[in-house]
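Lettering of chains follows the sequences in order, A, B, ..., and the numbering in each one begins at 1. Please read all numbers here as calculations on a predicted model, not as lab measurements.
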Amino acid sequence: MATYSKLVRIVDRQALIDAVSDLSSSKVVGVDTETTGLDPLVDRIRLIQLAGDRLDRVFVVDLFELGDACIDPLNKFFTGPQVKVFHNAKFDLKFLRRAGLRVSPPVFDTMIASQLVTAGLQVGGHGLNDLVRQYLGKNLDKSSQMSDWSRELSDEQLEYAARDAAVLPRLRAALAPLLVRNGLVDTAKLEFDCLNAVVDMELNGMRLDVERWQALTRQLKAEMQRAAAELQTMLRGASVDEVSLFGPEYQTVNLDSTQQVLDALRSLGIPVQGTSRAHLTSLASDYPVVAALLEYRDIAKKVQAFAESLPTFVHQVTGRIHPTYHQLGASTGRFSCSDPNLQQIPRGVEFRSCFVPDPGCKMVIADYSQIELRVAAEISKDARMIAAYRQGQDLHRLTASLVTGKDIGEVTKDERQAAKAVNFGLIYAMGAAGLRAYARDTYGVEMTMDQAETFRHRFFSAYKGLGEWHRSVAASRQMWTRTIGGRLRSWRNDPKLTGLLNTPVQGTAADIVKKALALLAEALDGTDVRIIGSVHDEVLLEAPASKAEYAAELLKTTMEKAGAHYLKLVPIVAEARIADSWAEK
DNA sequence: GGCTGTGGTACTCG
DNA sequence: TCACGAGTACCACAGCC
C-alpha cells in the first residue's frame, strides 16, 4: 500500500531543520514514533516520522543518530501551528516528553476521534489497522510493529514506520467530517486538549509510602486471619462433633466461594437468598455468623484487592505508581483507570495516608462541591435548585427542610444525612423501595416504606423542574443523549430512563473536569507543579512546599473557570487544600 | 491432571 | 433489593491438550 513516494531518512541537524521548513507548507502533519519498548520510563524513542499532507515525502528522523541536536528543531515544529495528527497520541506524547519534546495544540488523535464518533456503540476496534480498513479500505501490515527498533534498521522497518505516519493525515480527513456531522467538534477539541494532562498524570504518578503500606498490610492480614478463623469455627457450628472427631481440618469452607458459604449458612438453618451484602445486612443482627461473614469480607477485600497488589505497581525506576488512565474508558465520558485503579483506593485514612508527596513537596488537592447535583439543576432548569445554589445554600439541608417541613435552621444532622440519600437517589428517578434500600446501605439511614414514599412525593413537589425533566426525557424515547458540552452517547437497544438521565449529568461533570485538566496542563507547563491524578470530581497536584499556596489558588480558580465554561445558571464551586498526604481533609 | 478463557458474584471508588 | 459509571479478585465451569 503506497501512500507516499519517497522516504527521507534524517540523520543530521541541518537536514532536520530543512525538513521542518518543508513541513511548514502543510497544515496537517502525521506524526508517529517507533520506540525500543512500551515503557516510556525505561525505553527510548528510535524514530520520529513526520508526514505532511502537502508533501509526497515522509521524513524519518533517527534519534539515535541525532541525539540532542534534534531537540530545538523538533520543539519548533511541535509547538507550531500545524495540526499534529497521531494515533493513540498519549503513547507517543509520553515518549516525546521523556525525550525533552513537548507537543502543543492543535493535536488530532485518530483513535479518540474514532471512539467519539461511535459514541459508545461497540463497532470492533479502534486500532490504527481497524481505522485504515474502515475508512481507507486498505490493510496495514503491522508485522514490524514489535520488531527490534534498537539496532541497525532494515528497509522494511523504515518503510513500515513511514507508512504508519503517512496514513494519518488521510485518516484525519476521513474522520473530521464525521466529527462535524455528529456535532462532536468541541468534544474532540476538549479530549485533544487534555492529552497533555493525561500524559502528566501517567508519567508523574503518585508516591506510595511503601513502609507504611506494608505495616498496614501486616495489620490487615492479621485481622483477616483472626476473622477467618472465627468465621470458620462459627460456620462449622452444626458439625462440632465431626470436627472433634476428625480434627480442625475437617469441613473447612472456602470463605471466598459464594457457593460454599451459601451452603454452610443454609446448613445452619439461616434463611439466606444470596450472599451479597444487601442480602446479609438485615440478618446480621439476628445471626452472629452473618455478622462475622460481613466482617471477614470487609477485611479480605482490602487485603486481596488493595494491600497485597498495590506494591507490585511501584515502578523500578521512579519508585512511584504510574497508573493507566483511559480517557474514554467510560461511555459517559469519564476517565477510567487501571494497573492499578487509583480511582477506587478505599477512602479510609489508613489507606490514603500512604499516598504522599516527595520530600520538600506538598499535595494540593481540590474537588468539586456536589458537582452532579449542580449539573442536574442546570440541565433540568429546576428553579428551586438553581436559586439555592445561587444563594450558596446547602442543598442537602434544603431538601431535608422541604421533605420534613421544618425550617432550614432546625434540620438535624441525621435529617441532612437522610436528605443526601434522597437527593442522590431521586435525581435519577429511583423508586421508593430503591430509595429505602439505598438510604440504609449507603448512608445508614433507616426509613419505612411509607416514609420513603412520602419523601419521594414531597421531593418532586418541591423540585418541580426536576420532575418535569424526568417526564420529558421519559416521553422522548430517545436513543441518544448529549452533555452540555455536546458529548454524544448512543444506545443500540432501548435505554433505561435512569441511563438517559444519568449520562448527560455524569458526562457534563466529566467535561468540566477535562476542561479543568486541559487548562491546568497549559498553565503549569514549564513550572515544577505537577498534575499527579484525577478521580472523577477531584484533581491532585504535587508542588514544592514554597509553591503550594500558589498551586492551590490556581487549582481552585481553574476548576471553577472550567465549570463556568459549561454551566450558565448554576455556580460551580471547587475546594482546594494543601496536604502532606491524600488522606487529609 | 493442568491450562486457558469466560461468566458470575462481590466489593471498591465517585 | 439498590441510580449511574467504572476495575479487580475470586470462584466455577467449559473446553482443551
Side-chain angles (χ1 to χ4, degrees), chain A residues 120 253-263 272-283 293-294 296-310 312-313 323-348 351-352 367-373 375-376 420-443 445 447 449 452 456 466 470 473 481 483 489 495-510 513 533-539 582:
Chain A
V253 176
N254 182 341
L255 302 178
D256 296 325
S257 161
T258 51
Q259 194 55 58
Q260 292 185 34
V261 167
L262 193 62
D263 290 347
V272 275
Q273 300 295 314
T275 81
S276 72
R277 175 131 80 204
H279 285 105
L280 296 176
T281 36
S282 57
L283 296 167
L293 172 60
L294 288 172
Y296 166 77
R297 285 255 184 88
D298 185 43
I299 303 169
K301 176 73 181 176
K302 285 172 173 157
V303 170
Q304 291 162 355
F306 302 107
E308 292 187 322
S309 90
L310 208 60
T312 67
F313 289 99
T324 303
Y325 287 90
H326 308 271
Q327 214 171 314
L328 294 173
S331 33
T332 53
R334 269 191 180 179
F335 286 108
S336 70
C337 181
S338 67
D339 307 294
N341 182 358
L342 290 189
Q343 297 188 326
Q344 58 176 181
I345 298 297
R347 270 172 304 187
F351 292 93
R352 299 228 172 168
D367 57 1
Y368 284 109
S369 157
Q370 301 172 12
I371 191 166
E372 288 204 11
L373 283 177
V375 171
K420 250 171 134 170
V422 171
N423 279 332
F424 286 125
L426 295 186
I427 53 167
Y428 303 124
M430 196 182 252
L435 171 61
R436 178 165 176 261
Y438 176 69
R440 185 183 56 207
D441 292 347
T442 314
Y443 294 94
V445 172
M447 54 178 88
M449 199 58 191
R456 194 164 177 275
L466 215 50
H470 287 185
V473 171
T481 60
T483 65
R489 179 182 181 185
K496 288 197 280 185
L497 174 60
T498 47
L500 287 171
L501 295 172
N502 176 272
T503 299
V505 174
Q506 195 182 109
T508 299
V513 174
S534 175
V535 185
H536 305 313
D537 69 344
E538 182 182 34
V539 176
W582 196 5

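Taking the side chain as every heavy atom from C-beta outward, V535(A) and L342(A) never approach each other to under 4.5 Å.
Here dA9(C) presents its C1' atom at 15 Å from CG of L255(A), a figure rounded to the nearest Å. dA10(B) atom P lies 16 Å from atom CG of D298(A), rounded to whole Å. Atom CG of D367(A) is separated from atom P of dG14(B) by 9 Å (rounded to the nearest Å). Between the OH atom of Y368(A) and the C1' atom of dG14(B) there is a distance of 14 Å, rounded to whole Å. Spacing between atom CG of L293(A) and atom C1' of dT9(B) amounts to 13 Å, rounded to whole angstrom units. For L262(A) and dA10(B), the CG to C1' distance is 13 Å, given to the nearest whole Å. Between Q304(A) atom CD and dT9(B) atom C1' there is a gap of 14 Å when expressed in whole angstrom units. With rounding to whole Å, Q259(A) atom CD is found 13 Å from dC11(C) atom P.
The side chain of N254(A) places no N or O atom within less than 4.0 Å of a non-bridging phosphate oxygen (OP1 or OP2) of dC10(C). Distances shorter than 4.0 Å separate some side-chain N or O of R347(A) from OP1 or OP2 on dG14(B).
The salt bridge (Lys or Arg N to Asp or Glu O under 4.0 Å) check on R334(A) picks up E372(A), with sequence neighbours excluded. Taking the salt bridge (Lys or Arg N to Asp or Glu O under 4.0 Å) definition, one finds that D298(A) meets it with K302(A), sequence neighbours left out.
Counting non-hydrogen atoms under 4.0 angstrom, I345(A) reaches the backbone sugars and phosphates but no base.
Partner of T508(A) under the side-chain contact (heavy atoms from CB on, under 4.5 Å) criterion, chosen from V375(A), I371(A), T332(A): V375(A).
Of the possible polar contacts, one joining the H470(A) side chain to the I427(A) backbone as a donor-acceptor pair under 3.5 Å is found. No donor-acceptor distance shorter than 3.5 angstrom exists from the side chain of Q304(A) to the backbone of S309(A), with no hydrogens or angles considered. Under a 3.5 Å cut-off, the side chain of R352(A) and the backbone N or O of I345(A) do form a donor-acceptor pair.
With dA9(C), dT9(B), dG14(B) as the choices, the nucleotide that has an atom nearest any side-chain atom of T258(A) turns out to be dT9(B).
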Quiz item: How would nucleotides 1-7 of chain C be written as a contact map, 5' to 3', with B for base contact, S for sugar-phosphate-only contact and - for no contact, using protein heavy atoms under 4.0 Å?
Solution: BBBBBBB
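Comparing the C1' positions of dT9(B) and dT1(C) gives an interatomic distance of 16 Å, to the nearest angstrom.
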